[in-house]
Amino acid sequence: MTTNPALASWVEEVAALTLPARIHWCDGSDLENEQLTAEMLADGTLLRLNEETHPNCFLHRSNPNDVARVEHLTLVCTTDQQDAGSNNHWMSPAEGHQKMDALYAGCMSGRTMYIIPYLMGPYGSPYARAGVEITDSPYVVANMRIMARIGSRALAHIDAGNSFIKGLHSIGDLNPERRFIMHFPEELMIKSFGSGYGGNALLGKKCHALRIASWQARTEGWLAEHMLILGIQNPAGEVTYVAAAFPSACGKTNLAMLVPPEAYAGWKVWTVGDDIAWLHPGEDGQLWAINPEAGFFGVAPGTSMKTNPNCMQTLGRNTIYTNVGLTPDGQPWWEGIDGDKPEGLLDWQGRPHDSSNGPVAHPNARFTVTAAQCPSYSSEANAPSGVPISAIIFGGRRSTVAPLVLESLDWAHGVFTGAAVASETTAAAVGQVGQVRRDPMAMKPFCGYNFGDYWAHWLSFSERCAELPKIFHVNWFRKDADGRYMWPGYGDNMRVLKWITERCSGVADAVTTPVGLMPNRADIDLTGLALTEQTLDALLAIDTEVWSKEVDDIHTFFEGFGDRLPEGLKEQVGRLREAVRNRA
Ligand code: GTP
Ligand code: SPV
Ligand code: MN
């Protein structure tokens with residue numbers, strides 16, 4: 001129960017519409033979690049994994065039609081369609097509410113309605129924001145409990161009169177024809193129906209902390225971004241904080257938990273966040289970042305002791321696994337995990353594994369686990385003021401075009417570099433995988449307003465911060481003629497991070513190219529790595545013919561934003577075209 005009248009009346013309104021059998025206010029306690037877990041075990045929503053090898057771990061199998069975000073069913077409802085921009089699907093708020101409320105009518109009859117008060121951001125942080133998710137899914141409650149700070153303390157924050165985002169969610173009948181994720185940024189409201197999966201259903205994550213928060217950030221002078229946050233400690237013990245935006249399933253969790261190669265003695269990476277960053281100009285003129293989340297909802301396939309040992313050590317206890325495979329002795333299994341493939345596996349749908357049915361784990365299979373279990377979790381991760389950001393890194397998954405690393409010439413060029421990011425699509429969203437698309441700042445699915453206005457907001461930070469971070473672009477996914485990755489990636493990405501931190505401190509060298517500043521071959525420390533100089537040269541090469549086509553693509557994409565496209569970005573297109581032409 002609440003003393004906040006806005007919350008009390010909204011709960012009443014929702015109950016009158018959805019007609020639940022019971023209403024449960026979540027306090028976030030262990031007892032509550034045990035009761036919910038028992039109910040989910042009883043009705044098959046969860047399966048208990050091997051208690052000896054995986055204490056307090058569970059497997060959830062989604063409906064096979066509900067395994068990823070649905071961008072085509074995700075809408076931003078603003079009064080003026082132009083405010084949502086061509087980057088979003090749009091509907092008028094009146095029509096949106098009508099459509100959703102028709103779906104919600106009586107949808108919780110016979111079910112329990114859970115009210116989840118939550119806080120995004122560390123307790124006591126001036127940057128933390130509250131929300132309330134109302135849902136009929138106990139699986140959502142269990143996941144939100146790990147991903148956000150839910151329960152009594154968040155409710156006390158709301159009862160103290162602080163504003164909160166309203167998020168209404170029902171799994172409905174999981175019919176994809178009756179599935180929508182709608183955002184009403186002008187009303188600070190989210191309505192989600194017909195999916196129980198990840199970003200569609202855990203409303204604190206992409207819906208609140210990115211789509212609604214990006215809208216608020218624009219009006220209030222900060223940034224809500226699809227970025228990991230990490231601290232890089234050098235052998236002298238100095239820590240440089242970096243935020244990096246890569247599209248979904250393009251390496252944020254892995255980079256955030258990086259373990260440096262052996263040759264990098266004395267270097268260490270600290271994890272602050274793996275998916276979302278809220279960045280605020282500080283009084284000292286720097287940009288400060290908090291991770292609004294408290295857990296990781298990470299991609300399971302490809303995760304192993306070899307690729308991400310910190311992640312493997314985070315998992316294995318108090319973890320919810322979604323859509324992974326199952327070994328005969330009750331352990332989770334996915335493609336790329338350590339060890340040989342065991343006999344007798346069940347696939348993610350619970351069928352005896354048969355490779356003609358596809359992989360064992362769904363490619364977007366995920367784990368949900370508290371960040372507190374991560375061995376590299378930063379001591380600063382809960383700092384109310386956040387951490388000061390020295391570098392911002394953009395990147396994408398591109399088998400061609402984009403070099404291993406480049407540094408932008410200045411802030412405006414960096415904003416352009418971010419706005420021009422393109423990446424091959426992944427299994428994180430429903431749709432074709434491997435198609436190159438423009439994904440500015442890795443925010444294509446998540447920016448809650450017109451990209452033209454968003455880029456203008458980014459550009460405005462040159463007036464807001466005296467000491468802005470340097471901006472870089474990386475690509476770990478360049479492929480050779482045989483389709484193999486040319487760069488080893490994972491821990492070896494430390495070699496690029498080192499150059500980046502040394503550019504920030506002013507000790508590393510760079511050469512000017514048409515696309516930005518780049519390391520000389522000798523500036524990337526390859527000690528202990530069997531990578532030929534030719535391969536490194538290829539990774540750093542700028543093909544002017546390819547890039548002149550790239551400039552045309554960027555230009556065409558930008559033109560789609562019409563008069564909302566800031567002048568500053570038009571100038572950058574002109575500059576790049578000129579620089580590429582002069583080099584050719
Ligand atoms: P979201 O949670 O969807 O936002 O994804 P993410 O950006 O956190 O991506 P994640 O780190 O989970 O990586 C996604 C996939 O890319 C996994 O299968 C990884 O194994 C793979 N991957 C991550 N880093 C690298 C890398 O440096 N090189 C290569 N080749 N693959 C990588
Ligand atoms: C992403 O797709 O970027 C994710 C997973 O981090 S989800 O929570 O489903 O958005
Ligand atoms: Mn993500």
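Both counts, for ligands and for their atoms, begin at 1 and track the order of listing.
- Neither the backbone nor the side chain of N200 has any atom closer than 4.0 Å to an atom of ligand 2 (non-hydrogen atoms only).
- Checking only distances, K252 never comes within under 3.5 Å of ligand 2, N or O to N or O.
- Residue contacts with ligand 1: G489 is placed with no nitrogen or oxygen under 3.5 Å of a nitrogen or oxygen of the ligand (distance criterion only).
- Interface of N254 with ligand 1, defined as ligand atoms under 4.0 Å from a residue heavy atom, comprises 10 (P), 11 (O), 12 (O), 13 (O), 19 (C), 23 (C), 24 (N).
- Taking distance alone, with nitrogen or oxygen atoms compared against 3.5 Å, R69 approaches ligand 2 more closely than that limit.
- On a distance-only criterion, G251 and ligand 1 share at least one N/O pair closer than 3.5 Å.
- No N or O atom of D274 sits closer than 3.5 Å to an N or O atom of ligand 1.
- Any N or O atom pair closer than 3.5 Å counts here, and D275 shares at least one such pair with ligand 1.
- Here's the thing with N493: one of its N/O atoms is less than 3.5 angstrom from an N/O atom of ligand 1.
- Any N or O atom pair closer than 3.5 Å counts here, and H226 shares at least one such pair with ligand 2.
- Of the protein's heavy atoms, Y490 OH, 3.5 Å lies nearest to atom 21 (C) of ligand 1.
- In this structure, atom 18 (O) of ligand 1 lies nearest to the protein heavy atom P301 O, 3.1 Å.
- In terms of polar-atom proximity, defined here as any N/O pair under 3.5 Å, R397 does make such a contact with ligand 1.
- With a cut-off of 2.8 Å, the Mn ion (ligand 3) has no N, O or S atom of F297 in range.
- Taking distance alone, with nitrogen or oxygen atoms compared against 3.5 Å, G199 approaches ligand 2 more closely than that limit.
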